[in-house]
2 protein chains.
Amino acid sequence: MNEYADIFKALGDVTRLRILNLLLQAGKKLCVCEIVDALHLPQYRVSKSLALLKNSKLVTVAREGTWVYYGLNPELPPFFKAIFSLMKKHFQDVFSDDAGKIHSRLALRENGKCVIGFKCNEKK
Amino acid sequence: MNEYADIFKALGDVTRLRILNLLLQAGKKLCVCEIVDALHLPQYRVSKSLALLKNSKLVTVAREGTWVYYGLNPELPPFFKAIFSLMKKHFQDVFSDDAGKIHSRLALRENGKCVIGFKCNEKK
DNA sequence: TGCCTATATGCTCTTTTTTGCATATAATAT
DNA sequence: ATATTATATGCAAAAAAGAGCATATAGGCA
């Protein structure tokens with residue numbers, strides 16, 4: 001199909017937008033349980049959204065032991081890098097709760113690493 | 001759902017992206033037959049894409065007699081205006097044929113108005 | 001080895017989107 | 001009216017996306 005359409009399609013979903021926003025606002029790689037906890041969404045849903053974002057090359061993955069960290073792909077074409085910086089700026093207000101939650105969650109890290117699982121089992 | 005996700009979804013389709021690109025590169029309102037001609041797509045497909053873009057508030061419509069002109073919505077929120085200017089810049093290369101075609105088509109206008117229908121009946 | 005925790009994925013059901021065709025509407029001219 | 005041209009839209013089939021649940025995999029540790 002078309003590279004640009006595909007990426008816009010990947011952006012056309014609230015869960016995925018919220019995940020990307022977390023990564024943007026946190027400014028660092030996040031592990032899956034941190035995202036699950038911040039978004040209050042079922043784990044399988046977060047994992048599936050992350051899988052799609054990874055297929056679209058928007059995020060990259062790095063496993064560290066049991067934990068898996070996702071980060072924004074630093075090798076994105078300039079066009080989408082520009083869109084990401086727009087999102088970073090504008091989404092602060094749109095998903096403001098999420099940003100707060102991820103920051104409290106990040107405060108629980110030890111030596112910069114996630115050491116707890118997710119406490120949130122809410123089905124939304 | 002979510003305003004941003006909805007608009008990204010509207011951008012997640014090649015036909016719609018190509019239409020928006022025409023509007024961006026032309027810098028003026030275009031009538032449906034001009035778009036059909038430039039994109040070499042069936043008329044119903046262009047009309048349906050335009051209808052969706054209109055529902056997403058990305059474009060506006062103005063009928064002038066038999067002809068209907070579509071233009072970029074000047075009242076978009078700043079976030080999407082910014083995305084549009086990114087698209088205008090970057091899509092010049094991506095859909096370069098389209099831009100050439102719409103310019104030759106626009107050369108056929110008289111007094112700034114479209115005076116011919118579409119000559120292209122191609123099914124792709 | 002076996003168990004626990006973190007994460008991924010297969011499967012099914014449901015909902016949305018896309019595609020194509022045929023037809024409807026709208027405006028103009030005869 | 002009727003015909004013609006421009007545009008929109010209803011409908012049905014096909015394809016794709018989303019939601020939920022259950023289960024699989026993978027790594028760490030007893």
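Order of the sequence lines sets the chain letters (A, B, ...), proteins ahead of strands, with each chain counted from 1. Since the structure is predicted, the reported quantities are computational estimates derived from the model, not experimental observations.
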Axis deviation across the helix from C:dT1-D:dA30 to C:dT30-D:dA1, five-pair ends, to the nearest 10°: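 Angle reported: 0°, given to the nearest ten degrees.
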Among [options], the one nearest [X] by side-chain distance:
X	options	value
B:Thr66	D:dA19, C:dT7, C:dA27	C:dA27
A:Arg16	D:dT7, C:dG20, D:dG18	D:dG18
A:Tyr44	C:dT28, C:dC21, C:dT9	C:dT9
A:Cys33	C:dT7, C:dA27, D:dG20	C:dT7

Rounded distance (Å) that lies between atom [atom2] of [N] and atom [atom1] of [X]:
X	N	atom1	atom2	answer
A:Arg18	D:dG18	CZ	P	15 Å
A:Leu50	C:dA8	CG	C1'	11 Å
B:Asp13	C:dT16	CG	P	18 Å
B:Leu52	D:dA8	CG	C1'	14 Å
A:Leu30	C:dT7	CG	P	11 Å
B:Leu41	D:dA6	CG	C1'	17 Å
B:Ile116	D:dA6	CD1	C1'	13 Å
A:Leu39	D:dA19	CG	C1'	16 Å

Side-chain donor/acceptor contact of A:Gln43 with base of C:dA6 under 3.5 Å: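 It does not, because no donor-acceptor pair links the side chain of A:Gln43 to the base of C:dA6 below 3.5 Å.
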Examine distances only and state if a side-chain atom of [X] and a backbone atom of [Y] form a donor-acceptor pair shorter than 3.5 Å.
X	Y	value
A:Asn73	A:Lys57	yes
B:Glu34	B:Leu106	no
A:Lys89	A:Phe84	no
B:Tyr69	B:Cys114	yes

Using atom types as modelled, flag every donor-acceptor pair under 3.5 Å from a side chain in residues 7-17 of chain B to any protein atom, sequence neighbours excluded.
residue, atom, partner, partner atom, Å
B:Asp13, OD1, B:Thr15, N, 3.0
B:Asp13, OD1, B:Arg16, N, 3.0
B:Arg16, NE, B:Ala10, O, 2.7
B:Arg16, NH2, B:Lys9, O, 3.3

Side-chain N or O of B:Arg63 closer than 4.0 Å to phosphate OP1/OP2 of D:dA6: no
Presence of A:Ser47 side-chain N/O under 4.0 Å of C:dA8 phosphate oxygens OP1/OP2: yes
First encountered from the 5' end of DNA chain D, between A:Glu64 and B:Trp67: B:Trp67
DNA chain D: 5'-proximal contact among A:Thr15 and A:Gly65 (nearest heavy atom):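 Residue closer to the 5' terminus by nearest nucleotide: A:Thr15.
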No-hydrogen, no-angle side-chain donor-acceptor test under 3.5 Å, A:Ser47 and A:Gln43: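 Yes - a donor-acceptor pair under 3.5 Å links their side chains.
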Toward the 5' end of DNA chain C, by each residue's nearest nucleotide, A:Tyr70 or A:Lys9: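 Its nucleotide being nearer the 5' end, the pick is A:Tyr70.
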Atom NZ of B:Lys113: over 12 foreign heavy atoms under 6.0 Å: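 Counting other residues, nucleotides and ligands, NZ of B:Lys113 exceeds 12 neighbours.
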Sugar-phosphate, base or nothing in reach of B:Tyr69, heavy atoms under 4.0 Å: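 The residue B:Tyr69 makes no contact with any strand.
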Shortest non-hydrogen separation from B:Tyr4 to B:Asn2 and the atoms involved: N-OD1, 2.7 Å
